[in-house]
Novice: 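Before anything else, here's the structure in question.
To find a chain, count down the sequence lines: A is the first, B the second, and so on, and within it residues start at 1. Note that the coordinates shown come from a computational prediction; the quantities given were computed from them, not determined experimentally.
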2 protein chains.
Amino acid sequence: MTEASVKDMPETTAKERAKQEGPLFKPLYLQVRERLTGRMIEGLWPPGMLLPSEQRLAAELGVSQGTVRKALDAMAADHLLVRRQGRGTFVAEPEEGRILFQFFRLRPDDGRAPFPESTAVSLRADRADAETAALLTLESRARIWRLKRLRRLDGVPLIVEEVVLPFARFRHLDREEPLPNNLYALYAGRFGATIARAEERLKAVAAGRAEATALGCPEGAPLLRIDRIAYGLDDRPVEQRVSLCLSEQHHYANSLR
Amino acid sequence: MTEASVKDMPETTAKERAKQEGPLFKPLYLQVRERLTGRMIEGLWPPGMLLPSEQRLAAELGVSQGTVRKALDAMAADHLLVRRQGRGTFVAEPEEGRILFQFFRLRPDDGRAPFPESTAVSLRADRADAETAALLTLESRARIWRLKRLRRLDGVPLIVEEVVLPFARFRHLDREEPLPNNLYALYAGRFGATIARAEERLKAVAAGRAEATALGCPEGAPLLRIDRIAYGLDDRPVEQRVSLCLSEQHHYANSLR
DNA sequence: GAGTGGTCTAGACCACACA
DNA sequence: GTGTGGTCTAGACCACTCT
C-alpha cells in the first residue's frame with residue numbers, strides 16, 4: 001500500500017459507520033444480513049443461485065470476512081441459505097424434501113415421512129372478509145384467491161384445506177393449473193414470493209358433513225385443525241390456510257427446544 | 001515470554017489436539033460444549049450459577065476465547081445457558097415464565113399466555129408395560145411413577161394429563177407432595193434432572209367418559225391429545241406424558257422456521 | 001473504574017469439492 | 001491444484017452492569 005492510498009483511506013471504520021447510522025444502534029452483521037436479504041427480495045438472487053464467496057462479499061460490502069460470515073451463518077440457520085463446504089453458499093430452494101420437513105408436520109404413526117399428493121378441488125377469485133383481511137394485512141374487501149385442496153398420504157385422503165392468497169401478488173394464478181404439489185415452490189419460482197416462516201394454531205374439531213364426505217370419516221369424528229399464516233422474506237404475511245386432518249393413524253410432529 | 005518457556009511450550013496446538021482424539025474429528029468448540037454440559041450433568045454447575053468468564057474458561061481449558069464463545073453461544077441458543085451483557089453467563093433456570101414459553105404451547109384464542117394451575121389427582125407406583133418401557137428406554141416391568149393431573153387456565157379445567165417417570169431417578173417423589181405447578185423446576189431442583197428438550201405428537205381424539213367428566217365436556221367431544229417425551233441434558237428420555245386438552249377456545253401455538 | 005459479554009477485524013490452517 | 005466454507009486464534013474496542 002502506498003503512502004498516498006493511506007492518506008486517502010476513509011477515516012471511519014466499519015464499526016464507526018454502524019454507529020453513525022443513527023441513534024438506534026444495529027450491529028454491522030445484521031445490516032449486512034438485511035442487505036443480502038434485500039437482494040433476494042428484489043429477485044437479484046433467486047433460489048438456487050450461488051453467492052459470491054465470503055471474501056468477495058466482504059470486499060464488496062467493505063467489512064471483514066468474519067462479519068459476512070456471521071450474517072451468512074444466521075441466514076443459513078433460518079434456512080434462507082444453504083452452505084456447502086468446498087462448494088459455496090447458495091440461496092435455499094423450496095425443494096420438496098426440505099419444505100416437507102420444514103412446513104409439513106403430519107406423519108404416519110409408524111414414523112415414515114411420505115410425500116403428500118395434492119389435488120386441487122377448486123380455485124376461485126373472491127373478496128376478503130374482515131377476518132381474512134386482518135390476517136393478511138389487506139384492505140377489507142380486497143381481492144383474494146381461494147384454493148381448496150384434498151391431500152393424500154400413501155394414497156389415502158387425509159387433509160382437506162383451503163388456501164387464501166392476495167390476488168395482487170398472485171395475479172395470474174389461474175394460469176398455473178394444474179397446480180403443483182408443492183405450492184411454496186410455485187410461489188417462489190413463478191411469483192417471486194419466498195416463504196421464510198409460518199405461524200400455526202392447532203385445535204381439535206368435529207368433522208362437518210363436507211369434511212366427512214371428502215375424508216371418508218363419520219360426521220362428528222375428531223379432526224386436527226391447523227390454521228397457518230405464512231410469511232415472506234420481508235416478514236409480511238403471504239398466505240393464509242386452514243387444514244383439517246384425519247389423525248387416527250397419523251400425528252403432527254413437533255420438537256420443543 | 002522467555003526463551004526457556006518457549007522451549008517448554010507443548011508442540012501441539014489446540015487444533016492438533018482436536019485431531020489426535022481419534023479418527024472421528026470433532027471440532028474443539030463441540031468438545032468444549034460437551035465438557036461444560038458434563039459439569040451441569042454432574043451437578044457442579046446447578047441452575048442459576050454464574051459461570052467463570054470467557055477468559056477464565058479459555059485459560060482453564062487451554063483454548064482461545066473465541067472457541068469458548070462459540071460453545072457458550074450454542075448452549076445459550078439451546079436455552080441451557082443465559083448470557084447477560086455486563087453481568088456474565090448463567091446456567092439457565094427452569095423459571096416459570098421461560099418454561100411456559102418453551103414447553104407449554106396451549107394459549108387462549110385471544111393470544112394471552114396465562115399461567116396454568118395444576119392439581120395432582122393421584123400419584124402411584126407401578127410397573128412399566130412394554131410400550132412405556134420402550135419410550136423411556138427402561139427394562140420391561142421396570143418400576144415407574146404414574147402422576148395424574150388436572151390443569152386449569154384462568155380457573156377453567158382444560159387439560160387432564162398423565163405423567164410417567166422412572167422410579168429409579170425419582171425415588172422419593174411421594175415426599176414432594178404437594179407437587180408444584182412447575183414439574184420441570186422440581187425435576188431440576190430436587191432430582192438433578194434438567195429437561196433440555198422434548199418431542200411431541202399431536203392428534204385429535206374423542207373424549208372418553210373420564211375426560212368428559214373431568215373437563216366438563218360432552219363424551220365424544222373432540223380433544224387435542226399431546227404425547228410428549230422429555231429428554232435430559234444427556235439426551236436420554238426422562239419423562240413421558242399424555243395430555244388431553246379442550247381446544248374450543250384455546251389452541252396449540254407453533255412457529256415453523 | 002473494573003469486569004463482563006457483544007462486535008469487529010485479520011490471519012492462519014484444515015476439510016472438502018471439483019477440475 | 002485451486003477455491004470454497006469450517007475452525008481456531010489473537011487482539012481491539014464498544015455496550016452494559018455493578019460498585
Novice: By nearest atom, which of the nucleotides D:dT4, C:dC8, D:dC8 is closest to the B:Tyr29 side chain?
Specialist: D:dC8

Novice: Does B:Arg69 get its side chain close enough to the base of C:dG6, under 3.5 Å, for a donor-acceptor pair?
Specialist: yes

Novice: Nearest of C:dG5, D:dG5, C:dT7 to any side-chain atom of B:Glu54?
Specialist: C:dG5

Novice: Starting at atom NZ of A:Lys26, determine the distance to atom C1' of D:dC14, rounded to an integer number of angstrom.
Specialist: 18 Å

Novice: Identify which nucleotide among C:dC8, D:dT9, C:dG6 has an atom closest to any side-chain atom of B:Asp73, counting heavy atoms from C-beta outward.
Specialist: C:dG6

Novice: Can you sort out which residues in residues 77-89 of chain B have a heavy atom within less than 4.0 Å of DNA chain D? Ascending by number, please.
Specialist: B:Gln85, B:Gly86, B:Arg87

Novice: How long is the line joining CD of B:Gln55 and C1' of D:dC13, in whole Å?
Specialist: 14 Å

Novice: If you only use heavy atoms from C-beta on, which nucleotide in C:dT4, D:dC8, D:dG6 is closest to the side chain of B:Thr67?
Specialist: D:dC8

Novice: Hey, is A:Glu239 close enough to A:Arg241 for a salt bridge, meaning N to O under 4.0 Å?
Specialist: yes

Novice: Take the protein atom CD of B:Gln65 and the nucleotide atom P of C:dG6, then report the distance between them rounded to whole Å.
Specialist: 11 Å

Novice: Starting at CG of B:Leu57 and ending at C1' of C:dG3, how long is that distance when rounded to a whole Å?
Specialist: 15 Å

Novice: Quick one: does NZ or CZ of B:Arg84 land under 6.0 Å from the six-membered ring centre of B:Phe90, within 45 degrees of the ring axis?
Specialist: yes

Novice: Mind checking who C:dA19 pairs with, Watson-Crick or G-U wobble, both distances under 3.5 Å?
Specialist: none

Novice: Quick check on the 6.0 Å ring-centre criterion: do B:Phe115 and B:Phe104 meet it?
Specialist: no

Novice: Rounded to the nearest angstrom, tell me the gap between atom CG in A:Leu72 and atom C1' in D:dT7.
Specialist: 16 Å

Novice: Whether A:Arg152 and A:Glu117 form a salt bridge (side-chain N of Lys/Arg under 4.0 Å from carboxylate O of Asp/Glu) is what I want to check.
Specialist: no

Novice: Nearest-nucleotide wise, let me know which of A:Leu30 and B:Leu50 is further upstream toward the 5' end of DNA chain C.
Specialist: B:Leu50

Novice: Closer than 4.0 angstrom, basic N to acidic O: yes or no for A:Glu34 and A:Lys26?
Specialist: yes

Novice: Please tell me which of the listed nucleotides, D:dC8, C:dT7, D:dT4, lies nearest to the side chain of B:Leu28?
Specialist: D:dC8

Novice: Is A:Arg33 salt-bridged to A:Asp73, going by a charged N under 4.0 Å from an acidic O?
Specialist: no

Novice: Quick one: is B:Lys70 getting a side-chain N or O under 4.0 Å of the D:dT7 phosphate, OP1 or OP2?
Specialist: yes

Novice: Measure CZ/B:Arg56 against C1'/C:dG5 and give the value in whole Å, please.
Specialist: 14 Å

Novice: Does any part of the side chain of A:Val164, heavy atoms only, come nearer than 4.5 Å to the side chain of A:Trp145, both counted from C-beta?
Specialist: no

Novice: Let me know the distance between CZ of A:Phe90 and C1' of C:dC18, rounded to the nearest Å.
Specialist: 12 Å

